[in-house]
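Written below as structure tokens is the structure these notes are about.
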Amino acid sequence: MTSSGMNMMSKIVFYEDRNFMGRSYECMSDCPDMSSYMSRCHSCRVERGCFMVYDRTNYMGNQYFMRRGEYADYMSMMGMSDCIRSCRMIPMYRGNYRMRIYERENFGGQMYELMDDCDNIMDRYRMSNCMSCNVMDGHWLMYEQPHYRGRMMYMRPGEYRSFMNMGWSGMRFMSMRRIMDSYY
């Protein structure tokens with residue numbers, strides 16, 4: 001691989017203690033279980049790219065979006081626990097963005113197609129619930145509250161027939177944002 005190709009690879013470094021101290025673990029791709037590398041994590045540095053970090057193994061539990069930057073004490077800053085157990089690299093994407101959101105499970109009820117960010121589905125579409133979606137193009141973050149607040153979920157291209165069957169019961173998605181290349 002050329003040196004210019006190496007520069008494009010994503011990289012995140014996790015540290016056991018605050019302020020980038022203690023044992024560290026470097027990651028440049030998806031990692032479904034970090035528990036064998038670290039027992040706790042209080043800070044991290046995203047050197048290139050974007051990642052989702054999860055407080056449970058296999059990309060489950062609460063999710064947090066991490067873009068390029070230094071997070072000297074991101075656990076208390078974001079209200080996270082000290083047990084980051086998995087991480088997923090978000091690939092760089094520069095194409096069109098397109099997602100269909102549905103009011104009910106299995107693509108039922110009202111349907112709307114998004115090609116840009118939506119800060120409130122209730123205001124824009126008079127839609128009080130989003131129970132399934134189909135991400136055709138791009139990578140998206142979906143938030144449980146309007147204006148990109150609350151818990152979030154990373155959605156990559158694919159069909160999501162039922163959020164409740166995916167372990168997200170009780171969670172409603174009220175706003176959506178594209179993960180743009182400007183985050184890199």
- Applying salt bridge (Lys or Arg N to Asp or Glu O under 4.0 Å), which residue pairs with at least one partner in residues 152-164 are found, sequence neighbours left out? Glu159-Arg161

- Item | Contacts of type ring-ring contact (aromatic ring centres under 6.0 Å, His included), residue Phe51, not counting sequence neighbours | none

Would you please name every residue forming a side-chain contact (heavy atoms from CB on, under 4.5 Å) with [X], sequence neighbours left out?
| X | value |
| --- | --- |
| Ser29 | none |
| Gln110 | Glu103, Tyr112 |
| Asn96 | none |
| Arg104 | none |

Could you identify which residues cluster with [X], counting Ile, Leu, Val, Met, Phe, Trp and Tyr as linked when any side-chain heavy atoms lie under 4.5 Å apart, either directly or through a chain of such contacts?
| X | result |
| --- | --- |
| Met115 | none |
| Met136 | none |
| Phe20 | Val13, Tyr15 |

- Task: Answer yes when Arg68 and Glu47 have at least one side-chain N-carboxylate O distance shorter than 4.0 Å, and no when they do not.
- Result: no

- Item | Cationic N near anionic O, under 4.0 Å, Glu144 to Arg172 | no

- Task: Kindly assign one of parallel, tilted or perpendicular to the pair Tyr37 and Tyr25, based on the angle between their ring planes and the thresholds 30° and 60°.
- Result: parallel

- Task: Evaluate the ring planes of Phe163 and Tyr160, with Trp represented by its six-membered ring, and classify them as parallel (under 30°), tilted (30 to 60°) or perpendicular (over 60°).
- Result: tilted

- Task: State the CG-CE distance between Leu141 and Met52, to the nearest 0.5 angstrom.
- Result: 5.5 Å

- Query: Taking only residues two or more places apart in sequence, or in another chain, which ones meet Gln145 in a side-chain hydrogen bond (donor to acceptor under 3.5 Å, both in side chains)?
  - Reply: none

- Message: The criterion is side-chain hydrogen bond (donor to acceptor under 3.5 Å, both in side chains); which residues satisfy it with Asn19, sequence neighbours excluded?
- Response: none

- What pairs with Asp119 under salt bridge (charged side-chain N to carboxylate O under 4.0 Å, His left out), at least two apart in sequence or on another chain? none

- Where do Phe173 and Tyr143 land on the ring pair (Phe, Tyr, Trp, His ring centres under 6.0 Å) test, with the steps shown first? CA-CA 5 Å; Phe173 294 110; Tyr143 296 82; 9.1 Å; no

